[in-house]
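Working notes, beginning with the structure itself.
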Amino acid sequence: MIPEGLISTWRLKSHRQELPETGEVLYPRGDHPQGLLTYTADRRFSIINAPEERAPPKGLGPTDEEALALFKALTAYAGHYSVSGETVTHHVEISWNEAWSGTDQVRRYTLEGDVLTIIAGPSHSPWDGRLTISTLIWDRVR
């Protein structure tokens, strides 16, 4: 059963990463990250996240270097989801990183009113392969 409060669109408020091997804490998307997460009643989800500031291309279309920088700063994937207890599993159908397409991304979550907290990991970062625990805090979009 899907908790009724989960079905909504959520705006990313914070993205905190901890490296369990060293205890180092990072904020890979800065102090004011951008992101939207939507869960629908028919068990679909979509997510897109980016850092607070991304340099736009200097021209109409990005150069290869600009495109690479934009891509490396992005997380975007979608598919269907399932919920079991305090776990939501994202069954990824399409992804910015083809290595995630066809995978199940298991997340722990808590829902307190209009605040959704999602914890991923420990797992290997899709950007640099380091072991991380990511905590993402979302506010309900009204």
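Heavy-atom basis, side chains included; hydrogens, waters and symmetry copies ignored. Quick caveat, the model's predicted, so the values are computed rather than measured.
Taking CG from N97 and NZ from K72, the interatomic distance works out to 11.5 Å, rounded to the nearest 0.5 Å. Distance check, rounded to the nearest 0.5 Å: CD1 of I119 to CG of L136 gives 9.5 Å. Considering NZ of K13 and CG of L116, their distance stands at 12.5 Å, rounded to 0.5 Å. Between atom CG of residue D139 and atom CZ of residue R11 there is a gap of 9.0 Å, rounded to the nearest 0.5 Å. In this structure, CG in D114 is found 4.0 Å from CZ in R142, a value given to the nearest 0.5 Å. L26 CG to H15 NE2: the interatomic distance, rounded to the nearest 0.5 Å, is 9.0 Å.
Counting non-hydrogen atoms of other residues, nucleotides and ligands closer than 6.0 Å to CZ of R44 gives a total above 12. Heavy atoms from other residues, nucleotides or ligands lying under 6.0 Å from CD1 of I94 number 12 at most.
In this structure a side-chain-to-backbone donor-acceptor pair under 3.5 Å is present from R108 to G121. At distances below 3.5 Å, not a single donor-acceptor pair connects side-chain atoms of Q17 with backbone N or O atoms of Y27. Of the possible donor and acceptor atoms, none in the side chain of W100 sits under 3.5 Å from a partner among the backbone N and O of Y77. R29 contributes a side-chain N or O that, together with a main-chain N or O of A73, makes up a donor-acceptor pair within less than 3.5 Å.
Side-chain heavy atoms closer than 4.5 Å link hydrophobic residues (I, L, V, M, F, W, Y) into clusters, and following such links, possibly through other members, connects I47 to L111. Linking Ile, Leu, Val, Met, Phe, Trp and Tyr whenever their side-chain heavy atoms come within less than 4.5 Å puts I2 and I118 in one cluster. Grouping the Ile, Leu, Val, Met, Phe, Trp and Tyr side chains by contacts below 4.5 angstrom, directly or via other members, places Y109 with L12. When the side chains of ILVMFWY residues are joined at heavy-atom separations under 4.5 Å, either directly or via intervening members, I137 and I48 end up in two distinct hydrophobic clusters. There is a path of hydrophobic side-chain contacts, each under 4.5 Å, that joins W138 to I7.
The side chain to side chain donor-acceptor pair (under 3.5 Å) pairs that include a residue from residues 45-64 are T63-E66, where partners are two or more places apart or lie in different chains.
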Can you list, pair by pair, the side-chain donor-acceptor contacts under 3.5 Å of residues 79-88, counting residues two or more places apart and other chains?
from : atom 1 : to  : atom 2 : distance (Å)
H80  : ND1    : E93 : OE2    : 2.8
Y81  : OH     : T40 : O      : 2.8
S82  : OG     : H91 : NE2    : 2.8

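Here the closest non-hydrogen pair linking P20 and L131 is CD-O, 3.2 Å. Looking at every heavy atom in both residues, P33 comes nearest to G30 through CD-O, 3.7 Å.
Remark: the T103 side chain and the Q105 side chain contain an N/O donor-acceptor pair separated by less than 3.5 Å.
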